[in-house]
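So the structure is just underneath, and the comments pick up after that.
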2 protein chains.
Amino acid sequence: MSTQYSISDLAKEFDVTPRTLRFYEEKGLISPSRDGQTRSYSSADRTRLRLILRGKRLGLTLEESAEIINMYDAGAGSKKQIQTLIEKIREKQQQLLEQQKELKLMLTDLRNAEKRCLEALD
Amino acid sequence: MSTQYSISDLAKEFDVTPRTLRFYEEKGLISPSRDGQTRSYSSADRTRLRLILRGKRLGLTLEESAEIINMYDAGAGSKKQIQTLIEKIREKQQQLLEQQKELKLMLTDLRNAEKRCLEALD
DNA sequence: TTTTAGCTTTACGTTTACGTAAACGTAATA
DNA sequence: TATTACGTTTACGTAAACGTAAAGCTAAAA
């Protein structure tokens, strides 16, 4: 059998609580299989979790992350579906590029603030 | 008198509701003066608002934005205060740099997803 | 003068992303 | 055998960031 993870395995690895993982499942973000009653996470589930958390660190909502993740998984689908996906992907890329600009602005400002503070230390 | 703005002036310019501006004031993020009973925003207030919203677009909480903004404004203060500020500024810079990495990762992933989708269109 | 437009405060409602506790099952360990 | 550790579901609670509605003041326009 391929590697499977328990709920607390993943919780510890990614520093979240089991509650969080159950919540993500409730929201349809991850769908681990069951070993009897208990959840069993595949490495694909683990990857999904990593992507969700990456999205969170960028300030995305869970829904937005779900949208992006479903883009990765979209190999199948009709031509029309795929084209819609491509549009959404490009939209999201645009958003991230904007965010990158804001981030640079803020970093510049912070460096200036630091400089002023250092100068104030004379 | 220097330029002053009404609550709806700023709301329109930054595409937020007056409620949002009152909320920020309630949280101590902006402190417009009063023209009798009504709020009157200076260009400094306007700048603070711009910084708050920039922080929001980066996924910062209002409290985090407030922290950063207070860094900009910190010209005065004791040496110890300033040194504490500098540490916080560097911390925040570190966070933003990490965020920048995540962002690049996600952009790369999205470009790959786009590519796969395009290839699936054969 | 009455209506309209915009401002105010007060206060309860809403969504997101979980936290926390109750009540229970199971399996290994003391 | 009883405790400990881990899992489950169900359900109410919570913080953040506003939305929305009520009730009232004020000035300009119809």
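In this text, all values refer to a predicted model and were calculated from it rather than measured experimentally. Reckoned from all heavy atoms, side chains included, excluding hydrogens, waters and symmetry mates. Convention: sequence-line order gives letters A, B, ...; per-chain numbering from 1.
Listed pair A:Ser6 / D:dG7 meets the phosphate criterion, a side-chain N or O lying under 4.0 Å from OP1 or OP2.
Between the C1' atom of D:dA16 and the CG atom of B:Leu29 lies a distance of 12 Å, rounded to the nearest Å. Rounding to whole angstrom units, CG of residue A:Leu62 and P of C:dT15 are separated by 16 Å. Atom CG in A:Asp9 sits roughly 11 Å away from atom C1' in D:dC6 (whole-Å rounding). As a whole-Å value, the separation of A:Tyr24 OH from C:dG19 C1' is 13 Å. Here the C1' atom of nucleotide C:dT15 and the CZ atom of B:Arg19 are 15 Å apart, to the nearest Å. We find that CZ of A:Phe14 is positioned 14 Å from P of C:dC18, with the value rounded to whole Å. In this structure, B:Ile7 atom CD1 and C:dT8 atom P are separated by 5 Å, rounded to whole Å. In this structure, the CZ atom of A:Phe23 is 15 Å from the C1' atom of D:dT10, given to the nearest Å.
Nearest-nucleotide positions on DNA chain D place A:Lys12 closer to the 5' end than the other of A:Lys12 and B:Thr17. DNA chain C is contacted by both B:Ser8 and B:Glu26; B:Ser8 maps to the nucleotide lying nearer its 5′ end (nearest heavy atom per residue). Between B:Gln37 and A:Lys56, the residue whose closest nucleotide on DNA chain C is further toward the 5' end is B:Gln37.
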Practice prompt. Decide side chain to side chain contact (heavy atoms under 4.5 Å, CB included) for A:Leu62 and A:Phe23; before the verdict, give the C-alpha distance in whole Å, the side-chain angles of both, and the deciding distance to 0.1 Å.
Written response: CA-CA 11 Å; A:Leu62 292 184; A:Phe23 179 75; 3.6 Å; yes
Practice prompt. Apply salt bridge (Lys or Arg N to Asp or Glu O under 4.0 Å) to B:Arg46 and B:Glu13, showing your working.
Written response: CA-CA 10 Å; B:Arg46 186 165 161 274; B:Glu13 178 176 355; 2.7 Å; yes
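Expressed to the nearest 0.5 Å, how far CG of B:Leu29 lies from OG of B:Ser65 amounts to 7.5 Å. Atom CZ of residue A:Arg54 and atom CG of residue B:Leu103 lie 10.5 Å apart, to the nearest 0.5 angstrom.
Proximity note for B:Thr61 (side chain, C-beta onward) versus D:dT8, C:dC7, D:dA17: the nearest is D:dA17. Residue A:Arg34 has its side chain nearest to D:dT9 when only D:dA17, D:dT9, C:dT8 are considered. Here the side chain of A:Thr20 is nearest to one of D:dA17, C:dC18, C:dA17, namely C:dC18.
Within 4.0 Å (heavy atoms only), A:Arg22 reaches at least one base atom of the nucleic acid. B:Lys27 comes within contact range of no nucleotide atom at all, as no heavy-atom separation falls under 4.0 Å.
No hydrogens or angles were tested; on distance alone, nothing pairs the side chain of A:Arg39 with the base of D:dT8 as donor and acceptor under 3.5 Å.
A 4.5 Å side-chain heavy-atom check between A:Arg90 and B:Glu114 finds at least one atom pair inside the cut-off.
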